[in-house]
> 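Quick one: the structure is below, and I'll ask about it shortly.
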Protein chains: 2
Amino acid sequence: MLKSKTVTKSLECKVRITAITDTMQVLSGKWKIHILGTLLQGGKMRFMDLLREIDGIAAKMLSKELQDLEMNQLVTRTVVDTKPITVEYEVTEYGKTMEPIIDEIANWGVFYRNRLHGKTD
Amino acid sequence: MLKSKTVTKSLECKVRITAITDTMQVLSGKWKIHILGTLLQGGKMRFMDLLREIDGIAAKMLSKELQDLEMNQLVTRTVVDTKPITVEYEVTEYGKTMEPIIDEIANWGVFYRNRLHGKTD
DNA sequence: TGCATTACTTACCAATTGGAAACTAGTTTC
DNA sequence: GAAACTAGTTTCCAATTGGTAAGTAATGCA
């Protein structure tokens with residue numbers, strides 16, 4: 001019988017797999033990273049700002065994704081008592097810990113495009 | 001009229017948004033990160049090794065995801081002329097550039113679990 | 001001869017995701 | 001009084017995702 005490789009059976013690997021699954025779940029869906037990225041750059045933003053800013057998103061999706069992000073304490077929702085009521089969304093300190101991930105993902109994407117055309121390798 | 005925030009309309013931001021979308025597309029689906037993570041740790045691995053190693057994945061999914069990864073040149077597929085034919089999969093040098101992303105995602109996931117229970121903040 | 005192993009593929013099905021459009025509801029402006 | 005702006009919610013539908021199970025084809029072993 002051939003000896004087969006076993007790399008994911010240690011506790012360490014299982015922890016890593018769970019960690020990856022957790023993060024991907026928190027960032028699941030088409031829009032969460034973009035909402036987070038936009039809020040990280042824009043600071044406090046209102047619902048309508050986000051709706052106009054994030055190209056292609058529908059109100060239903062924005063609303064649902066913001067609820068998810070709020071539930072995971074990555075953003076805060078604050079109702080402001082203006083003329084027509086407005087709601088401000090902002091990334092929490094905890095939410096800001098996502099920045100390294102988003103940056104790495106953005107960096108890789110740039111690298112990917114360059115490779116497709118540049119072909120330096 | 002209220003002045004609304006515009007943060008994603010610059011060329012720089014559009015490039016970033018495209019970059020994020022590209023990366024997420026390359027890593028799309030439930031399994032790609034795990035396959036990549038397993039191969040990064042295990043080096044050369046056969047189809048059946050991966051099938052046994054990656055908990056819960058079905059042959060259909062593994063096959064399809066490996067094809068996607070191969071198309072994007074993140075892994076190589078090599079047929080080995082053994083008794084029953086075997087196929088070896090390996091992460092390319094290019095594929096290894098995904099490591100920082102995977103590491104950040106894994107790190108955040110560990111941080112997330114610690115926060116859920118530890119509550120140091 | 002028949003069963004096992006390798007690496008898949010195919011067929012079918014269920015659940016989730018996400019998009020369009022319309023609707024709600026309170027307030028303000030013309 | 002009508003239209004517009006705020007922040008959503010609701011309904012309905014289509015596409016994608018992913019899972020189970022079975023089938024295929026080549027080879028080796030008892």
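The sequence lines fix the lettering, A, B, ..., with proteins before strands; numbering per chain opens at 1.
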> Compute whether any side-chain donor of one residue and acceptor of the other, for Arg77(A) and Gln67(A), lie under 3.5 angstrom apart.
no
> Does OP1 or OP2 of dG8(D) have a side-chain N or O of Arg46(A) closer than 4.0 Å?
no
> Given dT6(D), is OP1 or OP2 found less than 4.0 Å from the side-chain N or O atoms of Thr86(A)?
no
> Pick the nucleotide of DNA chain C nearest each of Lys64(A) and Ile85(A); which residue has the one closer to the 5' end?
Lys64(A)
> Looking at every strand, decide which applies to Gly29(A) at a 4.0 Å heavy-atom threshold: base, sugar-phosphate, or nothing.
sugar-phosphate
> Whole angstrom is fine here: how far is it from CG in Leu62(A) over to P in dT17(C)?
17 Å
> At less than 4.0 Å, is any side-chain N or O atom of Gln67(A) found next to OP1 or OP2 of dT9(D)? Yes or no.
yes
> Starting at CD1 of Ile35(A) and ending at P of dG18(C), how long is that distance when rounded to a whole Å?
11 Å
> Hey, which of these two, Met61(A) or Met48(B), hits DNA chain C nearer its 5' end, going by closest nucleotide?
Met48(B)
> Within this structure, what is the CZ-to-P distance between Phe47(B) and dA26(D), rounded to whole angstrom?
18 Å
> Would you please confirm or rule out a distance under 4.0 Å between OP1 or OP2 of dT29(C) and any side-chain N or O of Lys83(A)?
no
> If you compare every side-chain N and O of Arg52(A) against the phosphate oxygens of dT6(D) (OP1, OP2), does one of them come in below 4.0 Å?
yes
> Taking the minimum atom-to-atom distance to the side chain of Ala59(B), which one of dT9(C), dA7(D), dG18(C) wins?
dT9(C)
> Does the cation-pi check pass for Arg115(B) over Tyr94(A), that is, NZ or CZ under 6.0 Å from the six-membered ring centre and within 45° of its axis?
yes
> Angle between ring planes, Tyr112(B) versus Trp108(B), binned at 30° and 60°: parallel, tilted or perpendicular?
parallel
> Taking for each residue the nucleotide of DNA chain D bearing the nearest heavy atom, is the 5' side occupied by Glu88(A) or by Lys60(A)?
Glu88(A)
> Over how many whole Å does the gap from Gln25(B) atom CD to dG18(C) atom P extend?
13 Å
> Expressed as a whole number of angstroms, how long is the span from Lys30(A):NZ to dA15(D):P?
14 Å
> Under 3.5 Å, is there a donor-acceptor pair between the side chain of Thr23(A) and the main chain of Ala19(A)?
yes
> Would you mind reading off the distance between Ile57(B) atom CD1 and dT17(D) atom C1', rounded to a whole angstrom?
13 Å
> So, does Ser28(A) use its side chain to make a donor-acceptor pair with the main chain of Met24(A) at under 3.5 Å?
no
> Find the distance Ile54(B):CD1 to dG19(D):P and express it as a whole number of Å.
12 Å
> Just how far, in rounded Å, is P of dG18(D) from CH2 of Trp31(B)?
9 Å
> Side chain of Pro84(A) only, please: which of dT9(D), dA21(D), dC5(D) is the nearest?
dC5(D)
> Between dG18(C), dG19(D), dA7(D), which nucleotide gets closest to the side-chain atoms of Arg77(A)?
dA7(D)
